[in-house]
Engineer: 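Structure in structure tokens, see below.
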Amino acid sequence: ALEKGVWRFQVSAALREGHVSPRELCQRCLALIKSTRFLNAYISVAEETALKQAEESEKRYKRGQPLGILDGIPVAVKDNFNTAGIETTCASNMLKGYISPYNATVVQKLLDQGAVLLGKTNLDEFAMGSGSTDGVFGPVRNPWSYSRQYKEKSVPKSHSEDEESNWVITGGSSGGSAAAVSSFTCFAALGSDTGGSTRNPAAHCGVVGLKPTYGLISRHGLIPLVNSMDVPGILTRCVDDAAVVLGSLAGHDPKDSTTIQDNFKPFELPDSPDVSKLSIGIPKEYQAPGLSSEILALWSKAADLFKNAGAKVIEVSLPHTRYSIVCYHVLCTAEVASNMARFDGLEYGHRSEMNKSTESMYAATRREGFNDVVRGRILSGNYFLLKQNYENYFIKAQKVRRLIANDFLKVFGSGVDILLTPTTLSDAAPYMEFIKEDNRTRSAQDDILTQAANMAGLPAINVPTALSERGLPVGLQFIGRSFQEKQLLTVAKWFEKQVKFPMIQLEEGKWHNHDVFQHQKSASFS
Amino acid sequence: QAVTVEVLDHLEQLALVDFRDAEGVERLQKAIRFADQLQEVNTDGVEPMDSVLEDRCLYLREDDVTEGNCTTELLKNAREKVEEYFVAPPGNIPLPKLEERETFLKGS
């Protein structure tokens with residue numbers, strides 16, 4: 001335990017040794033959620049059931065029979081995962097009031113390990129967006145907006161300006177989950193990742209965001225956006241925790257036939273990872289237009305870190321990178337057009353009062369239930385799928401997808417083990433700036449560094465790296481080979497140890513009781 | 001070229017979602033222009049990719065009933081139901097034509 005460093009303290013060990021009880025931990029997290037309501041990270045808080053789960057966990061610890069490392073650990077889940085008995089809204093009017101009759105497989109797995117489900121986190125409506133600003137419950141605020149580090153660097157523009165107008169976005173679409181982890185209200189959260197939706201907010205909120213290989217973790221119960229690219233994402237405060245959560249979630253699920261049938265073995269990461277035998281690729285196309293000079297410098301410094309550790313660092317090329325966003329745009333809207341067709345008001349969700357005919361009821365329901373972004377994507381998708389457009393847009397995009405996937409195959413086939421890239425073009429934008437452009441433009445800009453990994457189905461992870469000049473988190477991304485999460489996380493852990501990303505310094509008044517932090521402040525639970 | 005009103009109308013009927021206003025239509029126009037960039041890529045001889053797992057066999061389970069009998073659970077979320085049925089308004093009535101519909105496209 002000493003080896004982990006004084007400022008990293010294992011909550012799981014604390015639970016086992018009885019320094020804190022699951023109920024206490026749960027109560028503190030719930031209290032913190034209440035006092036950080038202004039972040040708008042949570043849509044639903046399942047206080048009663050969480051406390052019950054914590055009680056059960058406590059009984060198990062007293063008997064000396066915890067279910068595993070996750071027993072008693074408070075977690076949060078993005079509100080596009082079905083949770084039995086708890087409202088699942090996807091931040092949309094279409095599903096307001098929808099109480100799911102079942103748990104998504106990943107939720108069930110967490111619960112089976114004894115995790116305590118605190119609540120459902122906020123997102124962009126139906127996970128469409130890169131800011132977590134376009135949901136029906138309002139935008140999520142980045143906890144770093146209220147950090148001493150950010151406050152010290154921000155220059156008040158006028159005497160009357162207060163922090164209300166200065167807050168920055170979390171990124172998205174899993175912004176609520178990222179904010180929940182970053183603000184210590186939970187130890188791990190589930191997000192989803194279709195174009196970068198887990199890694200992007202992880203970078204902006206200074207947390208670890210893992211996108212697993214497509215096919216490793218079950219999507220059963222994850223309300224789908226793009227069936228061929230969606231994956232559940234994992235958000236934690238350190239890489240070791242991400243490995244633990246991955247261990248409990250990965251593996252074949254008979255209820256999701258797109259999960260591979262290979263035997264998955266949960267793994268522990270080495271205490272002292274060694275990167276000297278690795279080959280790290282630096283894709284030159286990721287020096288995208290708009291990349292901030294700060295991030296470019298950090299990326300370069302990171303490459304040097306690997307070089308100095310003995311790793312082989314080489315420049316590589318992924319020539320079709322710049323088409324990945326256009327390709328995504330077509331494939332995503334096409335799959336969305338299909339996936340959103342299930343929302344017709346008949347079996348669940350919002351139903352319009354209109355009842356002249358089935359068609360007009362469906363049309364009115366969808367008119368009332370979906371926001372502009374969702375409707376826009378459905379209409380675009382249907383356009384690309386029209387007979388006259390199918391070949392030129394949909395099939396064309398599928399061909400370009402293969403070219404993008406092949407780019408990666410070639411690079412990994414040439415001996416490169418891991419790719420190192422930035423995760424985002426810049427640090428988090430102030431909300432007032434972000435909303436000046438529309439959702440599609442923003443998504444196109446922000447997903448540029450993360451999207452290709454979804455296109456090719458590869459695992460990728462954001463590791464918080466440093467603070468920007470504005471005092472906000474910046475992360476770097478590692479992309480690995482298919483199903484080589486162990487290697488990916490090992491490299492990520494090594495990097496994490498090198499950069500020693502600072503802990504968020506929250507202003508005391510704002511965050512209620514400082515005692516609440518005693519066990520949360522530790523980055524890790526494992 | 002701009003998308004014709006006929007196509008816009010057709011899309012509203014296919015999608016059962018409306019454009020709402022000029023912004024909605026413009027959004028589609030922008031989306032199409034954006035997607036047109038794909039034409040720059042040479043895809044001669046390239047096969048379309050449906051799934052990154054195309055080299056693997058999809059898992060098919062045995063055709064046995066292993067769960068069910070959850071009618072009550074499933075009906076809980078429906079607004080209108082009678083006994084074990086979801087109740088829908090009369091079908092086989094096509095959506096009103098453009099001129100008779102509540103749509104922004106009317107009179108375009």
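In what follows, chains are A, B, ... by sequence order, proteins preceding strands, each numbered from 1. Below, all heavy atoms of this structure are taken into account, side chains as well, without hydrogens, waters or symmetry copies.
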Engineer: Using the rule given for side chain to side chain contact (heavy atoms under 4.5 Å, CB included), can you reason through B/Gln39 versus A/Asn392, listing the C-alpha separation, both sets of side-chain angles and the distance that settles it, and then say yes or no?
Structural biologist: CA-CA 8 Å; B/Gln39 305 309 319; A/Asn392 289 332; 4.2 Å; yes

Engineer: Less than 4.5 Å apart, any side-chain heavy atom of A/Glu359 and any of B/Leu16?
Structural biologist: yes

Engineer: Quick check: do A/Leu403 and B/Val46 have side-chain heavy atoms less than 4.5 Å from each other?
Structural biologist: yes

Engineer: Counting heavy-atom pairs under 4.5 Å to chain A, which of B/Leu8, B/Leu53, B/Leu75, B/Asn92 comes out on top?
Structural biologist: B/Leu53

Engineer: Can you tell which of B/Leu60, B/Leu74, B/Val41 has the highest number of heavy-atom pairs within less than 4.5 Å of chain A?
Structural biologist: B/Val41

Engineer: Using non-hydrogen atoms only, which part of A/Asp256 is less than 4.5 Å away from chain B: side chain, backbone, both, or neither?
Structural biologist: neither

Engineer: Measure the shortest side-chain to side-chain distance between A/Lys399 and B/Met49 over non-hydrogen atoms and say whether it is less than 4.5 angstrom.
Structural biologist: no

Engineer: Rounded to the nearest 0.5 Å, how far apart are CG of A/Asp372 and CZ of B/Phe19?
Structural biologist: 12.5 Å

Engineer: Answer whether the closest heavy-atom distance between the side chains of B/Leu14 and A/Leu386 falls below 4.5 Å.
Structural biologist: yes

Engineer: Under 3.5 Å, is there a donor-acceptor pair linking the side chains of A/Glu347 and B/Asn77?
Structural biologist: no

Engineer: Compare all side-chain heavy atoms of B/Val3 with those of A/Tyr383 and state whether any distance is below 4.5 angstrom.
Structural biologist: yes

Engineer: For the CD atom of B/Gln37 and the SG atom of A/Cys327, what is their distance to the nearest 0.5 Å?
Structural biologist: 12.0 Å

Engineer: Taking side chain as everything from C-beta outward and backbone as N, CA, C, O, which of these in B/Glu67 sits under 4.5 Å from a heavy atom of chain A? Side chain, backbone, both or neither.
Structural biologist: side chain

Engineer: Would you mind checking if A/Arg351 and B/Glu80 are paired as a salt bridge, meaning a charged N to carboxylate O distance below 4.0 Å?
Structural biologist: yes

Engineer: Any ring-ring contact (aromatic ring centres under 6.0 Å, His included) involving residues 31-84 of chain B? Give me the pairs, sequence neighbours left out, ordered by first then second residue.
Structural biologist: A/His252-B/Tyr59, A/His329-B/Phe34

Engineer: Chain B: which of A/Ala405, A/Gly349, A/Ala444 shares the most heavy-atom pairs with it under 4.5 Å?
Structural biologist: A/Gly349

Engineer: Quick one: are B/Leu95 and A/Ser360 in side-chain contact, heavy atoms under 4.5 Å?
Structural biologist: yes

Engineer: Considering only heavy atoms and a distance below 4.5 Å, find which of A/Gln261, A/Lys356, A/Gln388 pairs most often with chain B.
Structural biologist: A/Gln261

Engineer: For B/Asp63, does the CG atom have more than 12 heavy-atom neighbours from other residues, nucleotides or ligands under 6.0 Å away?
Structural biologist: no

Engineer: I'd like to check B/Arg56 versus A/Asp262 (side-chain heavy atoms, cut-off strictly below 4.5 Å). Are they in contact?
Structural biologist: yes

Engineer: For the backbone of B/Pro90 and the side chain of A/Thr358, can you confirm whether one donor and one acceptor N or O come within less than 3.5 Å of each other?
Structural biologist: yes

Engineer: What pair of heavy atoms forms the shortest contact from B/Ile93 to A/Ser357, and how long is it?
Structural biologist: CB-CB, 3.7 Å

Engineer: Measure distances from B/Asp50 to the heavy atoms of chain A and classify the residue's part below 4.5 Å as side chain, backbone, both or neither.
Structural biologist: both

Engineer: Could you tell me the separation between the CG atom of A/Asn371 and the CZ atom of B/Arg20, rounded to the nearest 0.5 Å?
Structural biologist: 9.5 Å

Engineer: Non-hydrogen atoms of chain B under 4.5 Å away: do they reach the side chain of A/Val330, the backbone, both or neither?
Structural biologist: side chain

Engineer: Is the number of heavy atoms from other residues, nucleotides or ligands under 6.0 Å of B/Glu40 CD greater than 12?
Structural biologist: yes

Engineer: Just checking, any donor-acceptor pair under 3.5 angstrom between side chains of B/Glu73 and A/Tyr102?
Structural biologist: no

Engineer: If contact means a heavy atom pair closer than 4.5 Å, which residues of residues 22-33 of chain B contact chain A?
Structural biologist: B/Arg27, B/Leu28, B/Lys30, B/Ala31, B/Ile32

Engineer: Side chain, backbone, both or neither: which part of B/Leu11 has a heavy atom under 4.5 Å from chain A?
Structural biologist: both

Engineer: Is B/Asp18 paired with A/Arg375 through a side-chain N to carboxylate O contact shorter than 4.0 Å?
Structural biologist: yes

Engineer: Quick one: of A/Met455, A/Arg377, A/Arg401, A/Arg367, who has the most non-hydrogen atom pairs under 4.5 Å with chain B?
Structural biologist: A/Arg367

Engineer: For A/Lys410, enumerate each residue passing the side chain to side chain donor-acceptor pair (under 3.5 Å) test, keeping only those at least two apart in sequence or located in another chain.
Structural biologist: none

Engineer: Does atom NZ (A/Lys255) have a neighbourhood of more than 12 heavy atoms from anything else shown, all under 6.0 Å?
Structural biologist: no

Engineer: As an exercise: rank A/Ile260, A/Leu331, A/Thr213, A/Asn227 by heavy-atom pairs under 4.5 Å with chain B and give me the winner.
Structural biologist: A/Ile260

Engineer: Checking heavy atoms, do the side chain of B/Val7, its backbone, both or neither come under 4.5 Å from chain A?
Structural biologist: side chain

Engineer: With rounding to the nearest 0.5 Å, note down the distance linking CG in B/Asn42 to NE2 in A/His320.
Structural biologist: 8.0 Å

Engineer: Of the listed residues (B/Arg61, B/Glu47, B/Lys76), which shares the most heavy-atom pairs with chain A below a 4.5 Å separation?
Structural biologist: B/Glu47

Engineer: With a 4.5 angstrom heavy-atom cut-off, which part of B/Cys57 approaches chain A: side chain, backbone, both or neither?
Structural biologist: backbone

Engineer: Can we say A/Arg402 and B/Glu54 salt-bridge, meaning some charged N sits less than 4.0 Å from an Asp/Glu carboxylate O?
Structural biologist: yes

Engineer: For each of A/Pro254, A/Ser228, A/Gly215, A/Gly457, tally heavy-atom pairs with chain B at distances under 4.5 Å, and name the one with the top tally.
Structural biologist: A/Pro254

Engineer: Among all residues two or more places apart in sequence or in another chain, which pass the ring pair (Phe, Tyr, Trp, His ring centres under 6.0 Å) test with A/Tyr390?
Structural biologist: A/Phe394

